[in-house]
There are 2 protein chains.
Amino acid sequence: MHREERAVLERYLKERGLKMTAARETVLEAFLGLETHVTVDDILEAARALDPGIGQATVFRTMKLFADAGLAREACRDDGGRQYEHAWRHAHHDHLTCVDCGKVVEFVDPAIEKAQEAVYRRYGFTSSGHRLELFGRCPDCSKKRSR
Amino acid sequence: MHREERAVLERYLKERGLKMTAARETVLEAFLGLETHVTVDDILEAARALDPGIGQATVFRTMKLFADAGLAREACRDDGGRQYEHAWRHAHHDHLTCVDCGKVVEFVDPAIEKAQEAVYRRYGFTSSGHRLELFGRCPDCSKKRSR
DNA sequence: ATGCATGCAAAGACTTTGCAAATTC
DNA sequence: GAATTTGCAAAGTCTTTGCATGCAT
């Protein structure tokens with residue numbers, strides 16, 4: 001499973017003289033098996049389902065490693081909680097989040113991307129990424145609310 | 001100083017039977033006297049400069065109150081640190097942050113705002129705000145880097 | 001063999017909460 | 001006077017670090 005991500009990790013490790021270990025494999029499988037947008041705790045729980053011996057510190061350390069290897073992306077919720085998203089073969093996207101039920105829609109909008117480039121030019125900045133989160137109420141929650 | 005913000009706070013407090021206290025005034029002055037984008041610690045330090053007796057818990061509690069009163073806006077950095085921004089008479093804006101020196105440019109781009117509305121419509125969501133942060137390198141840092 | 005990685009537990013950073021005393025209305 | 005607020009310290013979270021042991025190379 002997840003052969004490609006595993007190859008990415010192995011290459012990353014080899015490049016810096018680090019080691020492929022059982023714990024790293026387990027955390028990788030656990031992380032990839034979950035939907036994107038998970039907390040360290042979610043990952044720990046999933047990892048322990050595969051191997052109960054996994055330590056919490058290992059998950060923290062491993063996820064930092066994955067982030068650096070380009071397999072995960074560190075994000076943060078407004079309440080300060082940290083989350084990780086899948087980053088490999090998971091193109092850039094923005095988020096549309098329902099403030100009631102928490103549902104997240106991922107989208108990419110060319111018009112927005114283009115307008116952002118114009119902003120960079122306007123201020124003479126060199127672009128290096130962005131984060132856009134739209135908040136609102138999803139169709140279901142809107143309906144419930146108007147009743 | 002800051003008469004208008006003070007009036008907003010007083011009205012907010014009166015509406016719910018809460019009290020205007022010296023500590024709240026102090027924290028308000030401290031917060032407004034700082035530039036936007038500050039941590040609780042920045043505010044605590046500034047507040048203690050005005051009144052050394054201010055407790056840390058009071059600042060936490062008071063900033064939550066201000067956020068609810070519409071005077072402050074809670075934000076969060078990617079490293080998980082919490083920040084507060086001024087929210088009163090400080091229209092909605094997005095951020096363009098220099099990844100090298102940390103400088104922040106606030107901007108509003110009508111094309112982006114418009115494109116966002118289209119995204120809401122596309123997914124049937126009701127809008128309730130957004131957060132956009134562009135990362136890049138400011139002109140100064142770009143120059144330094146290319147040398 | 002060497003040195004990186006692990007799990008545990010302790011330590012840290014940040015935030016919240018319980019409480020008695022002080023303050024506001 | 002009744003009720004909210006405060007500052008302190010204790011308790012909670014979440015995350016990182018130190019260390020002896022275990023493993024990958």
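Computed from a predicted model, the values in this text were never measured in an experiment. All chains are named by letter (A, B, ...) in the order of the sequence lines, taking the proteins before the strands, and each is independently numbered beginning at 1.
Among the atoms of the strands shown, only primed sugar atoms or phosphate atoms (P, OP1, OP2) are found under 4.0 Å from some heavy atom of Gly53(B).
For Met20(B), the listed nucleotide lying nearest its side chain is dC25(C); candidates were dC8(C), dT16(C), dC25(C). Residue Arg82(B) has its side chain nearest to dT16(C) when only dT15(D), dA5(C), dT16(C) are considered. Closest approach to the Ala57(A) side chain among dC4(C), dA9(C), dT15(D) is made by dA9(C) (side chain taken as heavy atoms from C-beta onward). Residue Lys19(A) has its side chain nearest to dG3(C) when only dT15(C), dG3(C), dT15(D) are considered. Closest to the side chain of Ile54(A), out of dG7(C), dT15(C), dT15(D), is dG7(C).
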Could you walk me through whether Arg131(A) and Asp94(A) satisfy the salt bridge (charged side-chain N to carboxylate O under 4.0 Å, His left out) test, starting with their C-alpha distance in whole Å, then the side-chain angles of each, then the deciding distance to 0.1 Å, before giving a yes or no?
CA-CA 7 Å; Arg131(A) 184 177 59 187; Asp94(A) 296 314; over 6 Å; no
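The side chain of Arg61(A) contributes no N or O atom lying less than 4.0 Å from OP1 or OP2 of dA5(C). At the phosphate of dG7(C), OP1 or OP2 sits under 4.0 Å from a side-chain N or O atom of Thr58(A). Proximity of Thr21(A) to the phosphate of dT6(C): a side-chain N or O atom is located under 4.0 Å from OP1 or OP2. At dT16(C), one or more side-chain N or O atoms of Lys64(B) fall inside 4.0 Å of OP1 or OP2 (strictly under the cut-off).
Phe66(B) and Phe31(B) have tilted rings, their planes meeting at an angle from 30° to 60° on a 0 to 90° scale. Using cut-offs of 30° and 60° for the angle between ring planes, the Phe107(A) and Tyr123(B) rings count as tilted.
Looking at Tyr120(A), its side chain does come within 3.5 Å of a backbone N or O of Phe135(B) through a donor-acceptor pair.
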